[in-house]
Amino acid sequence: MAALIGVLAGDGIGPEVVREAVACLEVVGQQRGEPFRFETGLIGGAAIDATGSAFPPATADLCRRADAVLLGAVGGPKWSDPEAKVRPELGLLEMRAAMGVYANLRPVATHPALYAASPLRPERLEGVDILVVRELTGGIYFGRKERTADSATDVCTYTREEIERVLRMAGTLARQRRRKVASIDKANVLDTSRLWRSLATEIFRTEFPDVALEHVLVDAAAMHLLSRPRDFDVLVTENMFGDILTDEASMLTGSLGMLPSAALGAGRRGLYEPIHGSAPDIAGLDRANPCGTILSAAMLLRHSLGLAAEAERIERAVFTAIEGGHRTADIALPGQPPCGTAALGAAIRTALAA
Ligand code: IPM
Ligand code: MG
């Protein structure tokens, strides 16, 4: 039977960018003569409004049945009261945990057509090709939380198993690339980082002797990402550091709106989402950049459906459209009117059909 793709548009710009990505997948399905099956579900604020829960049982069920899940974004001012009982973001975290997708692949590659959109000088951006592997279902995101009137606690816990499996994923991926891994931690302060560092040393010595490992403290890594981005190949790190460093790294590519991600676990099933948020300030205005979501759809084809050639065709189509001058406001060239979300999506599909 044709592959089933769960589609969770979510909040803010989510529906607009997901619409464009699904349309690209439809083109690929038609070209293959076997259309994908799509089934939509509720997540985040939209799910809270409809059901009271940010990750309702029907969505959990869809995530179990689907071959892959494509997600837009969650959250917005409507649901961000600090006293609120349920939050959209919690739905996303529950879903990542329920799907067991512990490794989040966030590729950061620069492209000449987007050098002008980056705040960094072009000579720094040339040849940058980084794959961030962010641990996604552990650490401070998932530890015990407590709040009283005048104190609050977020516990950061990691087990050996949680660390080892994501390190192995990074090592395995490095073998398909330049065989270099930078393990990012804060081992000068945190015990979780000291455990992480010793396991990294051990695993790469015994299981990946052909991969070069360096340890970098997270504060230094934040700097090195700007001063020597070209030196990095695979970068592996814990949940929170990975969240922060990838927003920073996205500016190498020109815009946060460009970056896709794939969240993977033990099997082939994955969760695919742009790394950006719901951008409520531009929601519904046809201004969001759909590329991060469309490139996430390409990762979905590659990692969950085994369609690498089709994935590459989407990736090429994205850059063909951008090179052709179809650029949303976040990547627009000075003096040129930006193109809308739908128009950029249409230009990408035209390139895809050509
Ligand atoms: C991301 C986002 C999420 C995260 C939020 C929305 C919970 O920032 O995917 O990077 O922190 O993981
Ligand atoms: Mg983030």
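Counting starts at 1 for both ligands and their atoms, following the listed order. Computed from a predicted model, the values in this text were never measured in an experiment.
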Counting only heavy atoms from other residues, nucleotides and ligands, does the tally under 6.0 Å from [atom1] of [X] exceed 12?
X: Glu161; atom1: CD; result: no
X: Arg177; atom1: CZ; result: yes
X: Arg269; atom1: CZ; result: yes

Identify, by atom number and element, the atoms of ligand 1 in contact range of Arg106, meaning under 4.0 Å from any of its heavy atoms.
1 (C), 9 (O), 10 (O)

Are any non-hydrogen side-chain atoms of Phe55 and Arg96 less than 4.5 angstrom apart?
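Phe55 vs Arg96: side chains apart.
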
Which residue holds the protein heavy atom closest to [atom], what is that atom called, and what is the gap in Å?
atom: atom 4 (C) of ligand 1; answer: Tyr141 OH, 3.5 Å
atom: atom 9 (O) of ligand 1; answer: Arg96 NH2, 2.8 Å
atom: atom 2 (C) of ligand 1; answer: Asp243 OD1, 4.0 Å

Sub-3.5 Å N/O-N/O distance, Glu89 and ligand 1
no

Any N/O of Arg134 closer than 3.5 Å to an N/O of ligand 1?
yes

Listing residue and atom name, which protein N/O/S atoms are closer to the Mg ion (ligand 2) than 2.8 Å?
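Atoms qualifying: Asp243 OD1.
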
What class does the angle between the rings of Phe208 and Phe204 fall in, given that below 30° is parallel, 30 to 60° is tilted and above 60° is perpendicular?
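Ring orientation of Phe208 relative to Phe204: tilted.
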
When the ring planes of Tyr158 and Trp196 are compared, do they come out parallel, tilted or perpendicular, using 30° and 60° as the limits?
perpendicular

Please name all residues satisfying side-chain hydrogen bond (donor to acceptor under 3.5 Å, both in side chains) with Ser151, sequence neighbours left out, ordered by chain then number.
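Residues passing side-chain hydrogen bond (donor to acceptor under 3.5 Å, both in side chains) with Ser151: Thr148.
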
Verify the cluster assignment for Val133 and Val181: are they in a single hydrophobic cluster under the rule of side-chain heavy atoms below 4.5 Å apart?
yes

Please determine whether salt bridge (Lys or Arg N to Asp or Glu O under 4.0 Å) holds for the pair Arg19 and Glu16, giving the CA-CA distance in whole Å, both sets of side-chain angles, and the decisive distance to 0.1 Å.
CA-CA 5 Å; Arg19 189 180 306 131; Glu16 299 160 67; over 6 Å; no

